[in-house]
*Asks:* 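Below you will find the structure I want to go over with you.
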Amino acid sequence: MPTPSFDKSPTQLVARFEELSALVPDATSRPMFGYPSCVLRGHMFMSLFGDRLILRLGEEDRRDFLARHKTGLFEPMPGRPMKEYVVVPPALASQRAVEDWVTRAHAYADSLPAKKPKAAAKKAAKR
């Protein structure tokens with residue numbers, strides 16, 4: 001299986017991601033796949049991947065999003081979709097309308113039980 005190319009995100013998209021991140025101040029920012037992401041209680045709900053903005057949505061919101069926008073599920077590698085994550089069309093990512101979807105993604109992450117820290121993370125924290 002070919003290894004995916006991890007190209008840097010465009011500067012303008014990174015700036016937009018930072019603007020959107022400000023909408024969810026209780027989220028933690030951390031790298032995922034080498035790209036910036038927003039995480040709430042251990043659950044990633046927004047991220048960049050190359051030149052794409054990715055959102056994690058609940059089932060109903062995901063169906064609604066996919067019906068409204070000509071896009072699909074996020075596949076970090078071809079044939080390996082992450083079923084709860086959608087790719088935000090570039091035109092939508094730059095519009096104010098995406099802010100509602102970011103809020104919905106945040107709400108979905110907030111509805112999930114907090115993840116427990118992994119053992120390796122606990123050991124690192126003790127050092």
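Count residues from 1 along the sequence. Fair warning: this is a prediction, and the values are worked out from it, not measured in the lab.
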*Asks:* Taking the side chain as everything from C-beta on, heavy atoms only, tell me whether K70 gets closer than 4.5 Å to P89.
*Replies:* no
*Asks:* Is the closest side-chain heavy-atom distance between L55 and F74 below 4.5 Å?
*Replies:* no
*Asks:* Within this structure, what is the NE2-NE2 distance for the pair H43 and H106, rounded to the nearest 0.5 Å?
*Replies:* 12.0 Å
*Asks:* Taking all atoms of both residues into account, what is the closest heavy-atom pair of M44 and Y85, and its distance?
*Replies:* O-OH, 3.1 Å
*Asks:* Are V39 and V14 joined in one hydrophobic group, where the rule is that I, L, V, M, F, W and Y side chains link up if heavy atoms are under 4.5 Å apart?
*Replies:* yes
*Asks:* Can you tell me if S47 uses its side chain to pair, donor with acceptor, with the backbone of P36 under 3.5 Å?
*Replies:* yes
*Asks:* Mind listing the closest non-hydrogen atom pair of T71 and F65 along with its distance?
*Replies:* CG2-CE2, 3.5 Å
*Asks:* When rounded to the nearest 0.5 angstrom, what is the spacing between CG in L13 and CG in L48?
*Replies:* 4.5 Å
*Asks:* Could you state whether Y108 and L73 fall into the same hydrophobic cluster, counting links through intermediate Ile, Leu, Val, Met, Phe, Trp or Tyr residues with side-chain heavy atoms under 4.5 angstrom apart?
*Replies:* no
*Asks:* How long is the gap from OG on S94 to CD on Q12, to the nearest 0.5 Å?
*Replies:* 7.5 Å
*Asks:* Side chains of L40 and V24, heavy atoms from C-beta outward: is any pair under 4.5 Å?
*Replies:* no
*Asks:* If we check side-chain hydrogen bond (donor to acceptor under 3.5 Å, both in side chains) with R41, which of these qualifies: D110, D26, T28?
*Replies:* D110
*Asks:* Using modelled atom types only, decide if a donor and an acceptor are shared between the side chain of S9 and the backbone of G50 within a distance under 3.5 Å.
*Replies:* yes
*Asks:* Is any side-chain heavy atom of R56 less than 4.5 Å from a side-chain heavy atom of M46?
*Replies:* no
*Asks:* Spell out, as yes or no, whether a donor-acceptor pair under 3.5 Å connects the side chain of H69 to the backbone of D64.
*Replies:* no
*Asks:* Rounded to the nearest 0.5 Å, how far apart are OG1 of T103 and CZ of F45?
*Replies:* 9.0 Å
*Asks:* Should R80 and E75 count as an ion pair when the cut-off is N to O under 4.0 Å?
*Replies:* no
*Asks:* Atom CD of residue position Q95 - does it have more than 12 heavy atoms of other residues, nucleotides or ligands inside 6.0 Å?
*Replies:* yes
*Asks:* Can you check whether K83's main-chain N or O pairs, donor with acceptor, with R62's side chain at less than 3.5 Å?
*Replies:* yes
*Asks:* Answer yes or no: is there a side-chain heavy-atom contact under 4.5 Å between L57 and W101?
*Replies:* yes
*Asks:* Would F49 and F33 count as a close aromatic pair, with their ring centres under 6.0 Å?
*Replies:* yes
*Asks:* I'd like to check M82 versus P76 (side-chain heavy atoms, cut-off strictly below 4.5 Å). Are they in contact?
*Replies:* yes
*Asks:* Quick one: do R16 and E19 make a salt bridge, cutoff under 4.0 Å?
*Replies:* yes
*Asks:* Do F17 and L53 have side-chain heavy atoms sitting under 4.5 Å apart?
*Replies:* yes
*Asks:* Determine whether more than 12 heavy atoms belonging to other residues, nucleotides or ligands lie under 6.0 Å from atom CD of E99.
*Replies:* yes
*Asks:* Determine, step by step, whether L20 and V98 satisfy the side-chain contact (heavy atoms from CB on, under 4.5 Å) criterion, reporting the C-alpha distance in whole Å, the side-chain angles of both residues, the deciding distance to 0.1 Å, and the verdict.
*Replies:* CA-CA 9 Å; L20 296 172; V98 76; 3.8 Å; yes
